Amino acid sequence: IYDYDKDEKILAHLDDWGEFLLSMQETNKKSQRYGAFSYSYFLNSKEKEQRYVSGTSALSIFTLLRLYEITGEERYLESAKIAGNWLISMQREDGVINPYVKYNGEKWIYGEKLSLLYNGQCLSALSKLYQAAKEEKYYNSARKIADLFAKKYEEAGRNYVVGEYRAKNPISNTWLVMSLMDFYKAAGGDYYKDIVFELSSQIISNQFKDLEDLMNYGRIDGAYSTSGNGWISEVMTDTYSFCLNQGRADCEKYKITALNIMRWIIARTYAEENSSSLPNPERAEGGAFWNREFKYIRTDSVCHALNGYTRIMKYLNEGVVLSVF
């Protein structure tokens, strides 16, 4: 939002947000979790959960680097670097970054399954960190994940890749697109770029386009929530921008896909007209509900919707985005 309208009120809160984020990081240099971010914070006990998820630290790196870019404060970059170092310590020889480590009351337990979601987040984070810090170790770690994804993509017949947590789905594969795009921007490599556009084309080919089916029109098959579809919209807008930058001729399809997803999310967003039956209608207004069956609001749904809006707006002309008649 700040990038879009330069709202100074946002800058006024950056230090508070940054302080909370930094408070969630393990800072004991003797700990094997040094640099990792705790998964959650319990408001009642005011304690951090003794569970450290690789995806949490990766996404925290996104925010830390953005804070560093805006404020120029070195503490954010240093925090991102030690988080990146922890991610590297969680990486296996085959390139997989283990999904988590948690304390079960007696000992620390490490997860070992391949999460496409978390490894995609880690690849993007390490690629961004390599660009910011210019340290080869972040590139080397990122390259292992990029090559792992490429191998999995080839083994799947250059089609949707499947991890060990979820069945075949477009959301996890959109993380492959995003992370390989970030890796290409940081390090180059036409092979990775080709996968970005091939896999993006497969994902958008599964969008519902039947105007007689307004419950699904705009949604991506295999993604049922506003959160998942919002995320796909974010990435497809970035793919559209990347496509234009590469001088390709088939870019418009990514923009159209993203726009139709956002229309689908607008129709699932609470406003004064459709929130009166809720316990707290005023609190719900502006929130995107989860899906047609569960109509509660989740923070990630709102975040992905807002990211989708702010990404696509600069590519739109004045006119009607959604018409209800």
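For the numbers below, each heavy atom of this structure counts, side chains included, while hydrogens, waters and symmetry mates do not. From a predicted model like this one, the values you see are computed outputs, not experimental measurements.
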Participant: Any chance you could measure Ile261, atom CD1, to Ile256, atom CD1, to the nearest 0.5 Å?
Facilitator: 12.5 Å
Participant: From Tyr296 OH over to Asn291 CG, what is the distance, rounded to the nearest 0.5 angstrom?
Facilitator: 7.0 Å
Participant: Please find the pair of heavy atoms, one from Gln131 and one from Ala186, that lie closest to each other, and give the distance.
Facilitator: CG-CB, 3.5 Å
Participant: Honestly, is Lys137 close enough over Tyr139, meaning NZ or CZ under 6.0 Å from the six-membered ring centre and within 45° of the axis?
Facilitator: no
Participant: Do NZ/NE/NH1/NH2 and the carboxylate oxygens of Asp213 and Arg219 come within less than 4.0 Å?
Facilitator: no
Participant: Might you point out which heavy atoms bring Trp175 and Leu116 nearest each other, and give the distance in Å?
Facilitator: CB-O, 4.3 Å
Participant: Let me check something: do Val302 and Leu278 share a hydrophobic cluster, defined by ILVMFWY side-chain heavy atoms less than 4.5 Å apart, either directly or through other members?
Facilitator: yes
Participant: Give me the atom names and distance for the closest heavy-atom approach of Leu126 to Gly84.
Facilitator: CD2-O, 4.2 Å
Participant: Do we see a donor-acceptor contact under 3.5 Å between the side chains of Ser201 and Lys253?
Facilitator: yes
Participant: Is any side-chain N of the basic residue among Arg75 and Glu19 closer than 4.0 Å to the acidic one's carboxylate O?
Facilitator: yes
Participant: Starting from the C-alpha separation in whole Å, work towards a yes-or-no answer on side chain to side chain donor-acceptor pair (under 3.5 Å) for Tyr138 and Asn85.
Facilitator: CA-CA 8 Å; Tyr138 302 124; Asn85 296 342; 2.9 Å; yes
Participant: Calculate, to the nearest 0.5 Å, the distance between atoms CG and CG belonging to Leu67 and Leu21 respectively.
Facilitator: 7.0 Å
Participant: Is there a donor-acceptor contact under 3.5 Å linking the side chains of Lys144 and Gln91?
Facilitator: no
Participant: If we check ring-ring contact (aromatic ring centres under 6.0 Å, His included) with Tyr240, which of these qualifies: Tyr254, Tyr315, Phe197?
Facilitator: Tyr315
Participant: I need the minimum non-hydrogen distance between Ser127 and Asp182, along with the two atoms involved.
Facilitator: CB-O, 3.7 Å
Participant: So, Lys152 side chain and Gly163 main chain: donor-acceptor pair closer than 3.5 Å or not?
Facilitator: no
Participant: Would you say Tyr39 has more than 12 foreign heavy atoms packed within less than 6.0 Å of its OH?
Facilitator: no
Participant: Is the backbone of Ala36 close enough, under 3.5 Å, to the side chain of Ser57 for a donor and an acceptor to pair up by distance?
Facilitator: no
Participant: Looking only at heavy atoms, which two atoms of Ser179 and Gly120 are closest? And how far apart?
Facilitator: CB-O, 3.2 Å
Participant: Do Tyr34 and Ser89 have a side chain donor and acceptor closer than 3.5 Å?
Facilitator: no
Participant: Pick out which of Phe183, Tyr153, Phe149 makes a ring-ring contact (aromatic ring centres under 6.0 Å, His included) with Tyr192.
Facilitator: Phe183
Participant: Hey, what do you get for CZ (Phe208) to CE (Met215), rounding to the nearest 0.5 Å?
Facilitator: 11.5 Å
Participant: Any side-chain donor paired with an acceptor under 3.5 Å for Asn260 and Arg263?
Facilitator: yes
Participant: Quick one: closest heavy-atom pair of Phe20 and Ser23, and the distance?
Facilitator: O-OG, 2.6 Å
